[in-house]
Amino acid sequence: MIVANWKMNPATYAAAERLTAAVKKIPAGRTEVVICPPLVWLTDFSHKESEIKFGAQDIFWENPTGPFTGQVSAQMLTEAKVKYVIIGHSERRILVGETDAMVNKKMRAAALARLKPILCVGEDRAVRRQGLAAAKKFVAGQLKKDLVGIGRAYPLIVAYEPIWAIGGGKADTPTTAAEMAWYIKKLRPRARVLYGGSVNSQNARNFLQLKEIDGALVGGASLKPAEFEKIITAANQ
Ligand code: PGA
């Protein structure tokens with residue numbers, strides 16, 4: 001599974017349309033490809049395009065309607081043929097102060113509405129400096145809090161994204177990412193685990209060939225069709 005997180009990009013509708021058209025041309029093979037454009041264009045594309053699966057980058061926890069200025073509900077997204085939603089991305093946790101309690105409410109709202117949540121977890125640099133055991137403990141704590149009320153049988157998608165690796169910096173090592181994926185699956189045996197954090201056409205294969213890793217959440221590289229195509233090719237190998 002390869003998920004494109006466009007974040008707050010590109011700058012114009014025309015560019016977003018070109019990007020969507022380019023992704024549509026990439027042979028997906030046996031890979032599940034999901035693109036998550038900014039909300040302002042998402043539902044326009046999801047209504048029009050049936051060949052690509054779409055995801056939102058966030059939702060609100062109340063559903064389906066109500067006095068919640070600026071928010072969008074899970075039901076509004078499913079009605080617009082959106083199938084997935086990224087929840088708890090570190091940029092939301094850090095920049096808009098999203099807590100584990102909020103992430104949990106969003107997870108529950110998505111699951112109830114049959115929107116497939118992609119839950120993002122991952123430690124920051126200070127935690128990783130203390131070692132992998134500390135990072136595992138941190139991630140286990142996030143999962144515990146974020147998944148209150150979500151049963152162990154729920155077919156979860158977790159994106160392990162060490163915060164320090166996000167944003168075109170240095171990716172984690174594939175072996176460490178695989179070890180974390182294995183650890184997450186021990187806690188949640190039905191989870192699919194994606195790796196995210198500076199995945200590009202050069203390193204994608206190193207992550208995706210490992211059996212513990214079921215896919216990637218791709219930020220920057222998903223905005224370049226040629227790069228993104230190589231990542232999907234790597235997933236199919
Ligand atoms: P990146 O972003 O691929 O640009 O590091 C990944 C993410 O934040 O999901």
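Everything quoted here is computed from the prediction, not taken from an experiment. Numbering of residues begins at 1 and proceeds along the displayed sequence.
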Gap between atom CG of Leu187 and atom CG of Leu143 - 0.5 Å precision: 6.5 Å
Donor-acceptor under 3.5 Å (Asn236 side chain, Thr233 main chain): no
From Leu132 atom CG to Lys137 atom NZ, the distance as rounded to the nearest 0.5 Å: 14.0 Å
Check: Gly122 main-chain N/O paired with Gln142 side-chain donor or acceptor under 3.5 Å: yes
Common cluster, Ile232/Leu19, ILVMFWY with side-chain heavy-atom separation under 4.5 Å: yes
Selection residues 212-232 - residue pairs positive for side chain to side chain donor-acceptor pair (under 3.5 Å), sequence neighbours left out: Lys185-Asp214, Ser201-Glu227
Side-chain donor/acceptor of Asp100 to backbone N/O of Lys144, under 3.5 Å: no
Atom pair CD (Gln209) and CG (Asn206), whose distance is rounded to the nearest 0.5 Å: 6.0 Å
Nearest-0.5 Å distance that lies between atom CG in Asn63 and atom CZ in Arg108: 14.0 Å
Side chain to side chain contact (heavy atoms under 4.5 Å, CB included) evaluation trace for Leu115 with Tyr84: CA-CA 5 Å; Leu115 197 56; Tyr84 296 82; over 6 Å; no
Atom pair CZ (Arg92) and CD1 (Ile87), whose distance is rounded to the nearest 0.5 Å: 10.5 Å
Shortest non-hydrogen contact between Cys36 and Val3, atoms and distance: SG-CG1, 3.8 Å
Path from Leu119 to Met102 over hydrophobic side-chain contacts below 4.5 Å: no
Closest approach of Ala74 to Ala109 (non-hydrogen atoms, all atoms of both residues): CB-O, 3.9 Å
Side chain to side chain contact (heavy atoms under 4.5 Å, CB included) between Leu147 and Arg152, intermediate numbers included: CA-CA 9 Å; Leu147 295 174; Arg152 269 170 77 88; over 6 Å; no
Check: Tyr195 side chain, Asp172 main-chain N or O, donor-acceptor pair, under 3.5 Å: yes
Main-chain N/O of Trp6 paired to Asn9 side chain as donor or acceptor, under 3.5 Å: yes
Lys/Arg N to Asp/Glu carboxylate O, Glu32 vs Arg192, below 4.0 Å: yes
Distance (rounded to the nearest 0.5 Å) between Thr20 OG1 and Tyr13 OH: 8.5 Å
Carboxylate-amine/guanidinium contact Asp146 Lys106, below 4.0 Å: no
Min side-chain heavy-atom separation Val158-Val139 under 4.5 Å: no
Trace of the side chain to side chain contact (heavy atoms under 4.5 Å, CB included) decision for Ile26 with Phe228: CA-CA 9 Å; Ile26 301 173; Phe228 195 56; 4.0 Å; yes
Side-chain donor or acceptor of Asn104 paired with backbone N/O of Val148 under 3.5 Å: yes
Side chain Arg93, main chain Cys120, donor-acceptor under 3.5 Å: yes
Shortest non-hydrogen contact from Leu39 toward Leu77: CD1-CD2, 4.0 Å
